[in-house]
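Sequence positions, counted from 1, serve as the residue numbers for this chain.
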Amino acid sequence: MPRFPMSATPPSPSRCILITGAGSGIGAGIAAELARAGHFVVVTDVSLDAARTVADGILADAGQAQALALDVTSDHSVEAALAAVARPVDVLVNNAGLQHVAPLEEFPMEKWDFLVQVMLVGVARLTRAVLPGMRERGYGRIVNIGSIHSLVASPFKSAYVAAKHGLLGLSKVVALETAGTDITINTICPTYVKTPLVDKQIADQARTRGIPESQVVSEVMLKPMPKGVFIGFDELAGITAFLMSAHARNITGHTIDVDGGWTVQ
């Protein structure tokens with residue numbers, strides 16, 4: 001019987017992954033999952049104490065981690081954090097985010113501006129800062145944590161929806177500007193992940209809509225999802241790991257919907 005050569009994919013190397021807003025929620029969950037996979041994770045957050053708590057948990061689990069304070073709205077903070085990273089950044093996960101729920105007429109404009117500064121301008125600021133090193137080393141992966149609200153709208157979330165929609169356009173531009181390199185940028189768009197931020201949204205939505213919190217979950221958050229379940233950290237980390245791999249080197253500028261069928265209807 002003739003034997004045909006089999007193509008073998010070498011094991012994925014350990015990467016240095018910087019995650020913003022990783023002191024809690026999605027960022028902390030992704031950090032823990034990717035550390036368990038053998039990567040060096042730089043846990044950053046505007047709260048250094050929160051970042052240290054997550055990094056200490058990773059270290060206690062025999063993982064590799066470093067904690068740094070990082071305010072994505074500040075050029076100085078971005079420069080200082082990148083100067084302090086123990087290894088060159090191979091992968092940037094733009095995750096930092098926050099929410100405020102109010103009708104536009106009642107939405108404080110300083111709060112509106114702050115949400116956009118964190119979730120859109122901050123992404124551009126940090127991406128801009130890591131790109132030169134990625135170009136020099138010939139490899140880079142940028143993963144934006146978007147949202148179902150990168151694709152659809154909900155009432156009372158004008159700033160969040162505007163920022164998350166903007167991520168998709170920014171990613172397409174950066175994909176074109178890095179097309180001649182082994183650098184990719186993509187946006188993962190999950191529906192609701194059970195985090196402290198979502199718990200706060202449930203309470204805010206209940207108050208704004210005048211309905212019980214249980215009804216917010218069943219009739220507002222999960223009702224549009226045919227699968228009807230919250231998204232897990234392991235799903236988002238697994239997609240990130242795939243995007244880091246050589247198999248995904250030609251996937252760039254794309255939106256990866258993790259929405260339980262929400263947008264196929």
Side-chain angles (χ1 to χ4, degrees), residues 6-22 26-27 29-31 33-42 88-97 119-120 122-152 163-191 193 227 231-264:
M6 298 183 66
S7 60
T9 302
S12 297
S14 173
R15 300 293 188 185
C16 176
I17 307 169
L18 188 150
I19 306 174
T20 66
I26 290 174
I30 292 176
E33 293 284 343
L34 293 177
R36 289 189 195 102
H39 299 289
F40 179 81
V41 179
V42 183
V89 175
D90 300 308
V91 180
L92 169 63
V93 178
N94 287 307
N95 167 75
M119 293 184 289
L120 182 57
V123 170
R125 175 177 287 109
L126 200 48
T127 299
R128 182 177 184 269
V130 301
L131 277 176
M134 289 179 173
R135 289 184 187 276
E136 181 180 347
R137 293 185 298 277
Y139 173 88
R141 296 290 186 267
I142 300 160
V143 179
N144 300 322
I145 303 301
S147 165
I148 187 64
H149 288 109
S150 297
L151 307 165
V152 302
K164 293 298 187 179
H165 270 66
L167 276 182
L168 305 188
L170 173 64
S171 297
K172 291 176 182 179
V173 171
V174 175
L176 294 176
E177 293 181 357
T178 56
T181 68
D182 188 13
I183 298 171
T184 68
I185 179 169
N186 294 283
T187 304
I188 302 173
C189 294
T191 52
V193 182
K227 285 189 173 291
I231 306 302
F233 298 136
D234 58 328
E235 297 171 69
L236 303 182
I239 294 166
T240 301
F242 169 69
L243 291 173
M244 289 162 50
S245 73
H247 297 297
R249 62 185 175 272
N250 282 305
I251 300 175
T252 191
H254 284 284
T255 305
I256 300 172
D257 307 340
V258 190
D259 65 3
W262 186 324
T263 56
V264 304

SG on Cys189 to CG on Leu151, rounded to 0.5 Å: 4.5 Å
What residues, two or more places apart in sequence or in another chain, satisfy side chain to side chain donor-acceptor pair (under 3.5 Å) together with Thr178? none
Quick one: salt bridge (Lys or Arg N to Asp or Glu O under 4.0 Å) pairs with a partner in residues 174-187, sequence neighbours left out? Arg141-Asp182
Residues which pass salt bridge (Lys or Arg N to Asp or Glu O under 4.0 Å) with Arg15, listed by chain and number, not counting sequence neighbours: none
Passes side-chain contact (heavy atoms from CB on, under 4.5 Å), Ile183 versus Leu131? Steps please. CA-CA 9 Å; Ile183 298 171; Leu131 277 176; 4.1 Å; yes
Minimum heavy-atom distance Gly166-Leu120, with the two atoms named: C-CD1, 3.6 Å
Looking only at the side chains, is there a donor atom on one of Ser171 and Asn186 sitting less than 3.5 Å from an acceptor on the other? no
Does some side-chain heavy atom of His149 sit less than 4.5 Å from a side-chain heavy atom of His165? no
With sequence neighbours excluded, what pairs up with Asp259 under the side chain to side chain donor-acceptor pair (under 3.5 Å) test? Thr263
Listed partners of Arg137 passing salt bridge (Lys or Arg N to Asp or Glu O under 4.0 Å), at least two apart: none
Side-chain donor/acceptor pairs under 3.5 Å, residues 249-257, sequence neighbours excluded:
| unit_1 | atom_1 | unit_2 | atom_2 | d |
| --- | --- | --- | --- | --- |
| Arg249 | NH1 | Ala246 | O | 2.6 |
| Thr252 | OG1 | Ile185 | N | 3.1 |

Audit row: Thr184, Leu243, side-chain contact (heavy atoms from CB on, under 4.5 Å) steps and yes/no: CA-CA 8 Å; Thr184 68; Leu243 291 173; 5.6 Å; no
Could you grab the distance from atom CE of Met134 to atom CG of Asp90, nearest 0.5 Å is fine? 7.0 Å
Contacts table for residues 232-241: side-chain donor-acceptor under 3.5 angstrom, sequence neighbours left out:
| unit_1 | atom_1 | unit_2 | atom_2 | d |
| --- | --- | --- | --- | --- |
| Glu235 | OE2 | Gly232 | N | 2.8 |
| Thr240 | OG1 | Leu236 | O | 2.8 |

When you measure from the side chain of Ser14 to the backbone of Gly38, do you find a donor-acceptor pair of N or O atoms at a distance under 3.5 Å? yes
Determine the minimum heavy-atom distance between His39 and Pro13, stating which atoms define it. CE1-O, 3.4 Å
Here the gap from Asn94 atom CG to Leu18 atom CG, rounded to the nearest 0.5 Å, amounts to 9.0 Å
As an exercise, state the distance from CG of Leu168 to OG of Ser150, rounded to the nearest 0.5 Å. 4.5 Å
Does Thr191 reach the side chain of Val258, with side-chain heavy atoms less than 4.5 Å apart? no
Beyond-backbone contact of Val42 with Val89, side-chain heavy atoms, under 4.5 angstrom: no
Return the CG to OG1 distance between Leu170 and Thr187, rounded to the nearest 0.5 Å. 8.0 Å
Please report the interatomic distance CG(Leu167) to CD1(Ile145), rounded to the nearest 0.5 Å. 10.0 Å
Please step through side-chain contact (heavy atoms from CB on, under 4.5 Å) for the pair Ile148 and Trp262, ending with a clear verdict. CA-CA 8 Å; Ile148 187 64; Trp262 186 324; 3.7 Å; yes
Find out whether Leu34 and Val91 are in side-chain contact, i.e. whether some heavy atom of one side chain is under 4.5 Å from a heavy atom of the other. no
Single hit among Val93, Val143, Asn95 for side-chain contact (heavy atoms from CB on, under 4.5 Å) with Ile188: Val143
For Ser147, check side chain to side chain donor-acceptor pair (under 3.5 Å) against everything at least two apart and list the hits. none
